[in-house]
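All values below were derived from every heavy atom in this structure, side-chain atoms included, with hydrogens, water molecules and symmetry-related copies excluded.
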Amino acid sequence: AIYIKSCYQYEEVLLDSNFELVGCELVTYSPEAHIVSNSISGRINRGNSLFIFSIYLPPNVNISLSDFSCLNKFKNSIIVGDVNALSSLWGAKTSNKRGKLLEKMLAELDLVSIYNKKGTRINSNGNVSHLDVAFVSSYLAAKCNLVINDDNLGSDHLPLTLSIEIGTLKYATQSANFLYRKADWFAFQNDIDNYCTTSDEQDISQSSPIEQIGKFTATVINSMTASIPKNSIGKKNKNSHSVKQPPYWNNDCYAAVKNKKRAFRKMICSHKLSDILLYKYSRNLAKNVINNAKSTYWDQYCRQLNRNS
């Protein structure tokens with residue numbers, strides 16, 4: 001799956017593939033390209049689009065180079081996901097059969113593998129494997145940086161963060177939303193009543209139904225603008241970048257997650273059996289603590305409900 005902030009302009013890319021492969025198109029532009037495209041057609045040049053694909057290759061499925069032919073037409077591409085393949089191009093010590101096939105695919109599609117020395121998949125023995133990849137078009141490679149995060153978020157895979165300098169993403173057009181809870185409904189009703197009672201019957205009879213609808217619609221819109229406030233678009237709270245914790249989060253959850261992270265870092269460094277067992281215990285404990293906090297919060301919330309809620 002691919003998650004995109006709603007403020008960005010994007011389109012889904014439909015692909016005919018034999019495995020799990022989804023894609024989207026993000027519209028980007030640089031100041032130079034924006035000026036040129038405006039002088040020609042007044043729109044962003046589609047050649048500046050960035051194509052992002054998420055891929056998953058199951059370990060026991062046979063693949064061939066022809067399976068990736070659907071990606072030939074996308075030149076500005078980023079492909080990320082779990083390919084269940086080993087190759088020295090993304091950090092493994094050796095290349096297996098699937099890894100060699102993907103190496104040929106990279107050459108055919110003019111892609112480059114972005115990686116660092118850290119593994120991405122946590123094995124049961126505490127070691128890590130290089131199974132998750134980030135492929136980008138060759139001319140984008142110098143602008144990319146890959147970071148493998150230490151917090152596995154409860155999974156057996158470590159998250160990858162790929163940053164790329166490509167100019168500016170085009171924002172989708174947004175309109176402010178009406179804050180109906182703060183509306184002055186009495187003023188709104190009075191405006192509508194005044195229009196209905198003061199309208200000239202002769203003027204109504206001489207105008208067409210479309211003109212009457214237009215006048216009434218304009219009255220409603222003007223009354224809404226005057227009586228119902230809107231939220232502010234583009235203004236962010238100074239604390240908007242801080243992480244908002246869920247309502248059930250408490251000190252026990254915080255401590256359990258912190259201990260799990262500490263145990264994970266120790267296991268990665270030592271690979272000792274005792275540290276592996278300690279990490280698995282800390283991971284399960286953190287999961288149980290969070291689930292208990294969820295249940296407790298939900299019980300307390302449900303007890304507060306009544307027929308008037």
Side-chain angles (χ1 to χ4, degrees), residues 1-4 12-26 50-72 74 77-138 140-141 144-164 260-261 264-265 267-268 271 276 279-280 283 287:
I2 299 177
Y3 295 91
I4 306 172
E12 181 182 3
V13 176
L14 300 179
L15 299 167
D16 183 13
S17 176
N18 296 325
F19 46 81
E20 296 182 34
L21 179 64
V22 295
C24 69
E25 176 187 6
L26 283 175
L50 179 68
F51 297 93
I52 301 177
F53 301 97
S54 176
I55 185 173
Y56 173 70
L57 299 178
N60 299 322
V61 174
N62 294 326
I63 60 174
S64 62
L65 286 177
S66 61
D67 292 330
F68 300 95
S69 59
C70 60
L71 298 174
N72 284 330
F74 304 107
S77 301
I78 296 176
I79 304 174
V80 293
D82 180 6
V83 295
N84 283 298
L86 299 176
S87 171
S88 57
L89 292 184
W90 49 87
K93 294 181 180 179
T94 58
S95 300
N96 59 12
K97 182 179 179 180
R98 176 180 286 188
K100 294 178 180 178
L101 186 144
L102 291 178
E103 291 172 3
K104 295 180 181 179
M105 181 270 292
L106 294 180
E108 287 193 1
L109 299 181
D110 193 24
L111 298 172
V112 175
S113 174
I114 306 296
Y115 78 98
N116 59 30
K117 297 181 180 180
K118 295 176 62 176
T120 60
R121 202 266 182 181
I122 308 169
N123 301 321
S124 58
N125 59 1
N127 294 325
V128 290
S129 302
H130 300 74
L131 301 180
D132 302 282
V133 299
F135 302 147
V136 303
S137 296
S138 58
L140 295 175
C144 295
N145 180 50
L146 182 70
V147 175
I148 299 177
N149 302 310
D150 292 331
D151 188 359
N152 62 349
L153 304 176
S155 172
D156 56 353
H157 288 257
L158 297 174
L160 280 64
T161 301
L162 179 69
S163 57
I164 177 171
K260 184 195 71 172
K261 293 180 180 180
F264 172 75
R265 290 192 294 268
M267 177 193 70
I268 292 298
H271 298 295
I276 295 173
Y279 164 70
K280 291 183 177 180
R283 181 187 60 186
K287 185 182 298 184

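- The heavy-atom pair separating Ile2 from Ser54 by the smallest distance is CG1-CB, 3.8 Å.
- Take Ser88 and apply the side-chain hydrogen bond (donor to acceptor under 3.5 Å, both in side chains) test, not counting sequence neighbours, and it matches no residue.
- Here the shortest heavy-atom pairing between Ile114 and Leu146 reads O-CD2, 3.2 Å.
- In the model, Asp67 has no side-chain atom that pairs as donor or acceptor with a side-chain atom of Ser17 under 3.5 Å.
- Scored by the side-chain contact (heavy atoms from CB on, under 4.5 Å) test, Lys104 finds Leu65 as partners (sequence neighbours excluded).
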Leu162 and Asn145: side-chain contact (heavy atoms from CB on, under 4.5 Å), yes or no, with the steps? CA-CA 6 Å; Leu162 179 69; Asn145 180 50; over 6 Å; no
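- For Phe74, the ring-ring contact (aromatic ring centres under 6.0 Å, His included) partners at least two apart in sequence or on another chain are Phe51, Phe53.
- Counted by atom type alone, Thr161 and Asn149 present one or more donor-acceptor pairs between their side chains at under 3.5 Å.
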Given the rule in the side-chain contact (heavy atoms from CB on, under 4.5 Å) test, do Leu158 and Ile122 qualify, once you have shown the distances and angles that lead to the verdict? CA-CA 8 Å; Leu158 297 174; Ile122 308 169; 4.1 Å; yes
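- The two residues Leu89 and Ser113 come nearest to each other via the heavy atoms O-OG, 3.0 Å.
- Residues passing the salt bridge (Lys or Arg N to Asp or Glu O under 4.0 Å) test with Arg121, sequence neighbours excluded: Asp156.
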So Ser137 and Leu111, side-chain contact (heavy atoms from CB on, under 4.5 Å) or not? Walk me through it. CA-CA 4 Å; Ser137 296; Leu111 298 172; 4.1 Å; yes
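- Atom OG1 of Thr94 sits about 9.0 Å away from atom NZ of Lys100, to the nearest 0.5 Å.
- The ring-ring contact (aromatic ring centres under 6.0 Å, His included) search around Tyr56 returns none, not counting sequence neighbours.
- Taking all atoms of both residues into account, the shortest heavy-atom contact from Glu103 to Ser95 is OE2-OG, 3.1 Å.
- The CD1 atom of Ile55 sits 9.5 Å away from the CG atom of Asp82 when rounded to the nearest 0.5 Å.
- Within the 4.5 Å cutoff, side-chain heavy atoms of Ile4 are placed close to those of Cys24.
- In this structure, Gly23 and Leu15 approach most closely via the heavy-atom pair N-CD1, 4.3 Å.
- The distance from atom CG of Leu106 to atom CZ of Phe68, rounded to the nearest 0.5 Å, is 9.0 Å.
- In this structure the side chain of Asn123 never reaches within 4.5 angstrom of the side chain of Val128, judged on heavy atoms.
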The test is side-chain contact (heavy atoms from CB on, under 4.5 Å); show your working for Val133 and Val80 and say whether it passes. CA-CA 6 Å; Val133 299; Val80 293; over 6 Å; no
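- Pairs passing the ring pair (Phe, Tyr, Trp, His ring centres under 6.0 Å) check and including a residue from residues 81-114, sequence neighbours excluded, read Trp90-Phe135.
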